[in-house]
Amino acid sequence: MADFEPVTKAVVPAAGLGTRFLPATKATPKEMLPIVDKPAIQYVVEEAAAAGLLDVLMVTGRNKRSIEDHFDVAYELEDALRAKGDEERLSQVQEPVDLATMHFVRQGEPRGLGHAVLCAKQHVGHEPFACLLGDDLIDARDPLLKRMIEVRGTYGGSVVALMEVPEEQVSLYGVATISPTSEDDVVRVTDLVEKPPAGQAPSNWAVIGRYVIDPAVFEVLEKTPPGRGGEIQLTDALRTLAGRSTAEGGTVHGVLFRGRRYDTGNKLEYLQTVVQFAAERPDLAPEFMPWLRQFLDGHAQAR
Ligand code: UTP
């Protein structure tokens, strides 16, 4: 294995406007929407911690208070639960605080994912770092981030997570041009394009919300002009890095992910995610599943 610096920090951008989820996201960040009873962003921090990243920087925007409060001690609530002897809920309330050391930085204006990442420059410094999108969940049973950190250790540069999507969905993602390596689940990314029009995508391999990024990205982002949608695109900066040598902070590799992923930033997938998570909860499934079956039968008959 080559001698590249270890990855110890995670950056979680959570400053987007969440317009696809309005009006719920008018006063609440979409990353705080609950998946059954836990905000999506807590799963993301759990994933970072499970991969050994105990220094987490959140990039927040307007309405940041609820995110900060969720990962902070809630004295009044804890006292009330302690007084009631409700140890179970008390530990649920304390859990997010103990996951990792949390830091916060404000993205003044939502100028795009690339700009949100640039806001992490001072905290991250000259180390490679992981970036996890706060509304994108990876099933804990299909670990991806650990593998990506391993791949960074082997090849250096930056690493993206790629998932095969149907033709009609390529225009929703950044899409990679890839070439094989000697490892089955790893490819070299030679080019990237953000949300290509249908029929013009270089492949069906879409970039999903997990990255391990070389710190060279900051200098590139500073020079990256607003791209698609007037936003500073992380994809554009990664594209520049894909064309550089390792010595210049470049090369991009992709880990091909075939596990379970939940995009909670859009309404349909959010609903699907909540149902799937509820179906696996031992405290809810015994009542929820028979109800769901009955509901669907009734629905089918009514049609
Ligand atoms: P999205 O592409 O999902 O954008 O961002 P969005 O603006 O939040 O949502 P819609 O499209 O309006 O519904 C992907 C991730 O990048 C963060 C978001 O919070 C989300 O986790 N992001 C995006 C920022 O932190 N800042 C930005 O300026 C844009």
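Remember, it's 1-based here, ligands and their atoms both numbered in the order they're listed.
Checking only distances, E231 never comes within under 3.5 Å of ligand 1, N or O to N or O. Between P13 and ligand 1, a contact under 3.5 Å exists for at least one N or O pair. Looking at ligand 1, you'll find an N or O of A15 within less than 3.5 Å of one of its N or O atoms. Looking at ligand 1, you won't find any N or O of A116 less than 3.5 Å from one of its N or O atoms. Ligand 1 has no N or O atom lying under 3.5 Å from any N or O atom of G265, backbone or side chain.
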Q: Go through the steps for E150 and K146 under the test salt bridge (Lys or Arg N to Asp or Glu O under 4.0 Å), then give the verdict.
A: CA-CA 6 Å; E150 222 171 76; K146 261 194 189 144; over 6 Å; no
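With salt bridges taken as basic N to acidic carboxylate O contacts below 4.0 Å, one links E219 and R244.
Just one of V160, V187, L256 meets the side-chain contact (heavy atoms from CB on, under 4.5 Å) condition when paired with W205; it is L256.
Which of H115, E31, K195 comes nearest to atom 19 (O) of ligand 1 through a heavy atom is settled by distance: it is E31.
Heavy atoms of V59 stay at 4.0 angstrom or farther from ligand 1.
Per-residue contacts place G134 under 4.0 angstrom from the following atoms of ligand 1 (heavy atoms of the residue considered): 21 (O). Near Q107, meaning under 4.0 Å from one of its heavy atoms, ligand 1 places the atoms 24 (C), 25 (O), 26 (N), 27 (C), 28 (O).
Proximity of the aromatic rings of Y262 and F277 is defined here by a centroid distance below 6.0 angstrom, and this criterion is met.
Counting protein heavy atoms only, atom 28 (O) of ligand 1 is closest to G112 N, 2.7 Å.
Q276 and E280 are not linked by any side-chain donor-acceptor pair at a separation below 3.5 angstrom, with hydrogens and angles left out of the test.
Cluster annotation: M148 is not connected to V217 through the hydrophobic network of ILVMFWY side chains, with a link wherever side-chain heavy atoms come within less than 4.5 Å.
Scored by the salt bridge (Lys or Arg N to Asp or Glu O under 4.0 Å) test, D297 finds no partners at all (sequence neighbours excluded).
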